[in-house]
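Please read these numbers as outputs of a predicted model, since none were measured by experiment. Throughout, numbering of the chain's residues begins at 1 and tracks the sequence.
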Amino acid sequence: MAKGLRKSLTSYGDDAFALFLRKAFIKAMGYSDDALERPIVGITNTYSDYNPCHGNVPDLIEAVKRGVMLAGGMPMVFPTISIHESFAHPTSMFLRNLMAMDTEEMIKAQPMDAVVVIGGCDKTLPAQIMAAASVDLPTIVVPVGPMVVGHHKGEVLGACTDCRRLWSAHRAGELDEAEINAVNGRLAPSVGTCMVMGTASTMACITEALGLALPMSATIPAPHAERLRLAEASGRRAAEMAVSGGPRPSELLTPAAFRNAAVVLQAIGGSTNGIIHLTAIANRTPHGFALDTLDEIGRKVPVLVDLKPSGAHYMEHFHHAGGVPKLLQQLGELIDVSAATVGGGTLADVVAGAEEVPGQDVIRSRDNPIKAEGSMAVLYGNLAPGGAVIKQAAASPRLISHTGRALVFDSVEDMAARIDDPDLDVTADDVLVLRNTGPKGAPGMPEAGYLPIPKKLGRQGVKDMVRISDARMSGTAFGTIVLHITPESAAGGPLGAVRSGDMIRLDVASRRIEVLIDDAELAARMARLAETPAMARPARGYGRLYHDAVLQADEGCDFDFLVRKPPE
């Protein structure tokens with residue numbers, strides 16, 4: 001099998017000439033023959049001036065390169081798409097599959113014996129892991145790490161759970177313009193990803209649980225020197241894998257690894273986005289991942305990590321308490337510690353090396369959990385035949401069994417136009433319904449599921465209401481919110497048949513979400529819906545590809561032609 005510069009030769013009809021030409025051009029950059037004979041480690045560069053979460057990527061790349069060279073390898077950096085949540089229109093989820101395709105094709109097109117993927121802001125890690133699973137080249141993941149915490153008037157702040165809480169307070173008139181502007185400059189005090197258990201932190205923890213990254217990689221704060229040392233160690237390990245040829249993702253991404261990842265997802269109070277990404281990664285392997293597995297795990301696995309939005313602390317506190325290794329230790333037999341890791345051992349080695357931190361209260365024991373059940377539950381019913389999810393750990397206990405009158409918004413634009421109307425017919429007991437915000441409908445399944453509390457109710461002190469949609473929600477958000485309703489309304493799902501005034505029942509204990517109309521009436525409404533014209537198909541480009549190929553939330557929102565079919 002070809003190695004180094006001899007891999008992935010350009011097709012000229014003469015491989016010897018292709019190698020000759022490749023070496024001639026790369027020597028123009030000053031490389032020696034000695035350097036060019038070394039095993040090659042590719043390193044993804046996801047830095048962009050539009051991506052402050054990846055502000056430390058240039059330094060991480062230099063540390064990875066140092067590790068590769070210390071181990072005798074040749075590092076080669078290449079750029080990929082960079083996605084930031086706040087700088088992606090219409091939504092970062094719309095671009096995740098494009099980044100996965102970009103990364104996959106660049107790994108295949110360019111000569112490398114192993115690859116280090118660097119990322120953090122929400123969709124970059126799953127996109128690159130999806131690519132790595134498809135290419136199956138030895139891969140190690142380096143997350144960029146979480147920000148350090150901010151402070152305001154003696155209170156610890158973190159993007160973006162406190163962004164949402166304080167913005168809600170501003171909308172309710174509790175914070176004036178001057179104070180919200182002061183908060184704006186203090187929520188994100190350093191580069192790195194959100195320092196709460198949002199999607200970026202969730203995916204970093206899942207990556208570590210899958211065995212794709214070195215221990216403690218999920219939690220080291222982005223500005224810390226320890227993060228650079230981890231990057232160096234990852235580069236050194238990548239060079240070793242470039243020589244040995246493994247482990248490859250297919251050796252690590254096993255059914256046991258996916259189950260471990262789901263256990264960790266539940267135990268950390270993770271982001272609901274993590275379900276979609278974990279499913280998409282699993283569907284790039286022969287194994288897949290089912291929503292029912294997540295729910296079954298959630299009934300057995302308690303929430304042990306006391307982190308916002310489900311708890312009180314922040315990622316740096318999780319790190320100093322022992323990080324993911326300590327969590328795995330506390331989970332005990334719920335984790336299959338025989339699962340292999342990219343470091344060359346198993347999770348048993350990781351657990352054995354977990355640090356004991358006297359007096360820490362961030363990572364709880366199983367007999368003293370934050371929540372007795374896992375973070376997320378999967379719901380079914382006549383509104384969600386394909387399933388829906390709720391982050392019960394961040395919901396109001398009084399609302400997880402609730403029946404209320406529907407107030408329907410047909411789109412994000414409709415919601416924005418009416419939600420703060422002082423004449424809006426709404427009470428705190430109503431159920432806010434947002435539709436046409438799924439993968440196809442928006443497009444891109446935006447994080448619009450966190451419907452704002454109507455201003456008139458916010459000013460009355462209302463902090464939470466039942467809200468349901470076919471959209472997503474940021475992992476940093478909180479509230480009694482049902483998401484990912486499948487199939488989405490734009491694909492003919494029953495959410496499109498709900499009318500304002502219908503009664504909707506949420507019962508998390510029985511895992512049900514239903515509109516309280518009889519079957520005949522629902523069928524008649526669905527029949528009328530089927531006669532309405534389909535949404536306009538984009539005229540060209542990636543938008544057309546996305547519309548035609550994107551799958552539903554329960555299948556990971558990947559493209560249908562990228563999913564690996566299980567063996568017969």
Side-chain angles (χ1 to χ4, degrees), residues 1-11 22 39-46 61 64 68 73-83 95-119 123-143 203 206-207 210-213 234-235 237-254 257-258 261 277-289 340-342 545 549 556-567:
M1 182 178 177
K3 301 280 280 186
L5 279 189
R6 292 164 179 79
K7 288 188 70 174
S8 306
L9 288 168
T10 308
S11 181
R22 174 174 285 177
I40 297 176
V41 175
I43 305 168
T44 62
N45 183 0
T46 57
I61 286 173
V64 171
V68 171
M74 182 65 202
M76 300 290 280
V77 181
F78 63 98
T80 69
I81 290 171
S82 182
I83 304 172
L95 298 171
R96 184 201 65 181
N97 296 348
L98 182 62
M99 184 179 188
M101 294 170 70
D102 172 26
T103 305
E104 176 179 345
E105 296 306 322
M106 289 300 98
I107 293 173
K108 291 192 295 188
Q110 300 169 136
M112 60 191 81
D113 303 301
V115 62
V116 179
V117 298
I118 301 174
K123 309 307 175 289
T124 59
L125 282 184
Q128 292 179 106
I129 296 170
M130 290 159 67
S134 295
V135 178
D136 206 27
L137 187 75
T139 302
I140 191 165
V141 182
V142 178
M203 291 312 301
I206 283 176
T207 300
L210 286 169
L212 293 171
S234 299
R237 180 61 184 144
E240 295 168 355
M241 294 193 299
V243 173
S244 66
R248 294 175 291 120
S250 59
E251 298 171 73
L252 302 176
L253 297 176
T254 63
F258 287 119
H277 299 319
L278 184 61
T279 303
I281 294 165
N283 284 345
R284 294 292 186 99
T285 77
H287 311 302
F289 184 77
T341 73
V342 74
L545 174 66
C557 297
D558 202 356
F559 289 158
D560 54 13
F561 58 86
L562 295 175
V563 170
R564 181 169 178 176
K565 303 301 181 187

message: Under the rule for side-chain hydrogen bond (donor to acceptor under 3.5 Å, both in side chains), what residues qualify as partners of Ser82, not counting sequence neighbours?
response: Asn51

message: Between Leu562 and Arg284, is the side-chain contact (heavy atoms from CB on, under 4.5 Å) condition met? List the steps.
response: CA-CA 7 Å; Leu562 295 175; Arg284 294 292 186 99; 3.2 Å; yes

message: Which heavy atom of Pro249 sits nearest to which heavy atom of Ala133, and what is that distance?
response: CB-CA, 4.2 Å

message: For a 4.5 angstrom cut-off between non-hydrogen side-chain atoms, does Ile140 reach Leu212?
response: no

task: Look only at the side chain of Lys3 and the backbone of Ala242, and say whether a donor-acceptor pair between them is shorter than 3.5 Å.
output: yes

Taking every non-hydrogen atom, the tightest pair across Ile118 and Val64: CD1-CG2, 4.3 Å

Which atom of Met241 lies closest to which atom of Pro138, heavy atoms considered: CB-CB, 4.0 Å

- request: Run the numbers on Ile81 and Leu95 for side-chain contact (heavy atoms from CB on, under 4.5 Å), then give the verdict.
  value: CA-CA 9 Å; Ile81 290 171; Leu95 298 171; 5.7 Å; no

- prompt: Distance from Thr279 atom OG1 to Phe289 atom CZ, nearest 0.5 Å?
  reply: 6.0 Å

- prompt: Is Glu105 reaching over with its side chain to a backbone N or O of Met101, donor-acceptor style, under 3.5 angstrom?
  reply: no

message: For the backbone of Leu5 and the side chain of Arg22, can you confirm whether one donor and one acceptor N or O come within less than 3.5 Å of each other?
response: yes

task: Please check if the side chain of Arg96 supplies one atom and the backbone of Cys557 the other of a donor-acceptor pair under 3.5 Å.
output: yes

- prompt: So do the side chains of Ile206 and Phe258 get within less than 4.5 Å of each other, counting heavy atoms only?
  reply: no

- prompt: Measuring from Thr103:OG1 to Leu98:CG, what's the distance to the nearest 0.5 Å?
  reply: 9.0 Å

message: Restricting to side-chain hydrogen bond (donor to acceptor under 3.5 Å, both in side chains), what partner residues turn up for Thr46, sequence neighbours left out?
response: His54

message: Apply side-chain contact (heavy atoms from CB on, under 4.5 Å) to residues Val41 and Val115 and explain how you reach the verdict.
response: CA-CA 5 Å; Val41 175; Val115 62; over 6 Å; no

- request: Please answer whether the main-chain N or O of Val342 pairs with a side-chain N or O of Arg237 as donor and acceptor at a distance below 3.5 Å.
  value: yes

- request: Report yes if some heavy atom in the side chain of Met99 is under 4.5 Å from a heavy atom in the side chain of Gln128; otherwise report no.
  value: yes

From CA spacing to verdict: side-chain contact (heavy atoms from CB on, under 4.5 Å), Met130, Asp558: CA-CA 9 Å; Met130 290 159 67; Asp558 202 356; 3.6 Å; yes

- request: Indicate the atoms forming the closest heavy-atom contact of Ala238 with Val116, along with that distance.
  value: CB-CG2, 3.5 Å

query: Is it the case that Ser8 and Gln110 place a side-chain donor and acceptor less than 3.5 Å from each other?
result: no

message: Has Thr285 got a side-chain atom pairing as donor or acceptor with Ala282's backbone, closer than 3.5 angstrom?
response: yes

task: Give a yes or no answer on whether the side chain of Lys7 reaches the backbone of Met112 with a donor-acceptor pair at less than 3.5 Å.
output: yes

message: My understanding is that only one of Thr80, Val77, Val142, Ile61 makes a side chain to side chain contact (heavy atoms under 4.5 Å, CB included) with Thr44; could you say which?
response: Thr80

message: Check whether Thr139 reaches the backbone of Leu137 with its side chain - one donor and one acceptor, N or O, closer than 3.5 Å.
response: yes

message: Can you give me the closest heavy-atom contact between Thr341 and Pro247, atom names plus distance?
response: O-CG, 4.1 Å

message: Restricting to side-chain hydrogen bond (donor to acceptor under 3.5 Å, both in side chains), what partner residues turn up for Ser250, sequence neighbours left out?
response: Asp136, Arg248

task: Give a yes or no answer on whether the side chain of Asp113 reaches the backbone of Gly4 with a donor-acceptor pair at less than 3.5 Å.
output: yes

message: To the nearest 0.5 Å, what is the distance between CG on Leu253 and CD1 on Ile129?
response: 8.0 Å

